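Read through the structure below, which is laid out as structure tokens, and then see the notes.
These numbers come from a predicted model, not from an experiment.
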Amino acid sequence: MLREGSLEEISDGRLYQLNDMVKAECAGCVGCSKCCESDMGTSITLDPYDVWMLCKGTGRSFNDMLEQEIRVSLLDGLILPHMNMEQGCRFLNSEGRCSIHPYRPSICRLFPLGRYYENGDFQYFLQVNECTRKNRTKVKVRKWIDIEPIEEHTAFVRKWHNFLGLARRKVREAKDPKQIRNFMLFLLELFYVTEYEGPDQDAPAAAPSGYEVFFTQFQRRLKVALIEMKKILR
């Protein structure tokens with residue numbers, strides 16, 4: 001979800017790369033789950049990789065989680081899914097701990113970091129007003145995010161963000177409300193509802209159901225989306 005405001009107001013004034021050290025480590029958040037228990041509205045937007053990981057980790061489909069753990073809303077001009085955070089995350093267990101920690105969404109992995117997008121790329125920044133945990137220690141950004149393969153994921157995030165920026169511009173320029181709605185529903189079906197699992201001739205044979213399948217199929221779907229965008233938003 002896009003956020004307004006100057007970097008100086010919400011961060012320590014620095015931008016970080018994957019191999020930089022940042023004060024984000026909070027000892028596993030032991031005894032604290034305030035950020036997960038808060039009513040954060042639609043702030044935890046889900047990208048296709050997030051949903052793929054959730055489906056893979058829980059063994060459930062996107063449609064099965066829809067309206068329960070996940071909801072869909074108009075966010076920054078596009079219909080996108082987000083975590084259902086009304087009165088707290090639905091994936092918290094009875095002890096207030098994350099039940100999906102190994103495959104939690106990227107925004108959850110980043111916190112209290114955020115992404116700062118500029119000139120088609122992004123860096124990371126430390127949010128100074130969001131986490132109440134004191135005396136955080138330094139940790140390498142790469143280790144904190146804890147996603148492998150991180151280089152492929154970084155490339156995916158860059159492509160997805162830039163595509164959403166283009167889609168928002170095309171939607172703003174479009175005149176026909178029906179065409180706009182059809183395009184948004186098409187994107188939802190293409191990138192989220194349709195599963196990424198299954199045989200893929202372009203994916204390495206050694207990992208037919210692994211990360212390579214997602215990244216390969218995402219790239220293919222991105223090409224389809226760009227073509228259909230021209231057809232639908234005339």
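Between Tyr124 and Tyr116, the ring center distance fails the sub-6.0 Å criterion. In this structure, the ring of Trp160 has its center less than 6.0 angstrom from the ring center of Phe191.
Contact detail for Gly120 and Asn162: the closest heavy-atom pair is O-ND2, 3.2 Å. Closest approach of Arg168 and Asp76 over heavy atoms only: NE-O, 2.7 Å. The minimum heavy-atom distance linking Trp144 with Arg109 is given by the pair NE1-O, 3.2 Å. Listed here is the closest heavy atom pair of Asp50 and Leu46: OD2-CA, 3.7 Å.
Taking a cutoff of 4.0 Å between a charged side-chain nitrogen and a carboxylate oxygen, Arg158 and Asp121 qualify as a salt bridge. Salt-bridge formation is detected for the pair Glu151/Arg142: a Lys NZ or Arg NE/NH1/NH2 atom is positioned less than 4.0 Å from an Asp or Glu carboxylate oxygen.
Under the rule for a side-chain hydrogen bond (donor to acceptor under 3.5 Å, both in side chains), Tyr49 has no partner lying at least two apart in sequence or in another chain. The side-chain hydrogen bond (donor to acceptor under 3.5 Å, both in side chains) check on Glu67 picks up nothing, with sequence neighbours excluded. Under the rule for a side-chain hydrogen bond (donor to acceptor under 3.5 Å, both in side chains), Asp146 has no partner lying at least two apart in sequence or in another chain. Taking the side-chain hydrogen bond (donor to acceptor under 3.5 Å, both in side chains) definition, one finds that Asn119 meets it with nothing, sequence neighbours left out.
Under the 6.0 Å distance and 45° angle rule, Arg221 counts as a cation-pi partner of Tyr196.
Between the CZ atom in Arg115 and the OG1 atom in Thr154 there is a gap of 8.5 Å [rounded to 0.5 Å]. The CZ atom of Arg104 lies 9.5 Å from the CE atom of Met53; values are rounded to the nearest 0.5 Å. With rounding to the nearest 0.5 Å, the separation of NZ in Lys223 from CZ in Phe218 is 12.0 Å.
Shown here is Glu148, whose CD atom has more than 12 heavy atoms of other residues, nucleotides or ligands within 6.0 Å.
Using a 4.5 Å cut-off between side-chain heavy atoms of Ile, Leu, Val, Met, Phe, Trp and Tyr, with links allowed through other members, Phe163 and Ile107 fall into the same hydrophobic cluster.
The side-chain heavy atoms of Glu189 and Thr194, taken from C-beta on, include a pair separated by under 4.5 Å.
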Distance-only donor-acceptor hits, side chain of residues 77-84, under 3.5 Å, sequence neighbours excluded:
unit_1, atom_1, unit_2, atom_2, d
His82, NE2, Ser73, OG, 2.7
Asn84, OD1, Glu86, N, 3.4
Asn84, ND2, Gln68, O, 2.8

Let me check something: any side-chain donor-acceptor pairs from residues 172-187 under 3.5 Å, sequence neighbours excluded? List them with distances.
unit_1, atom_1, unit_2, atom_2, d
Asp176, OD1, Lys178, N, 2.9
Asn182, ND2, Lys178, O, 3.3

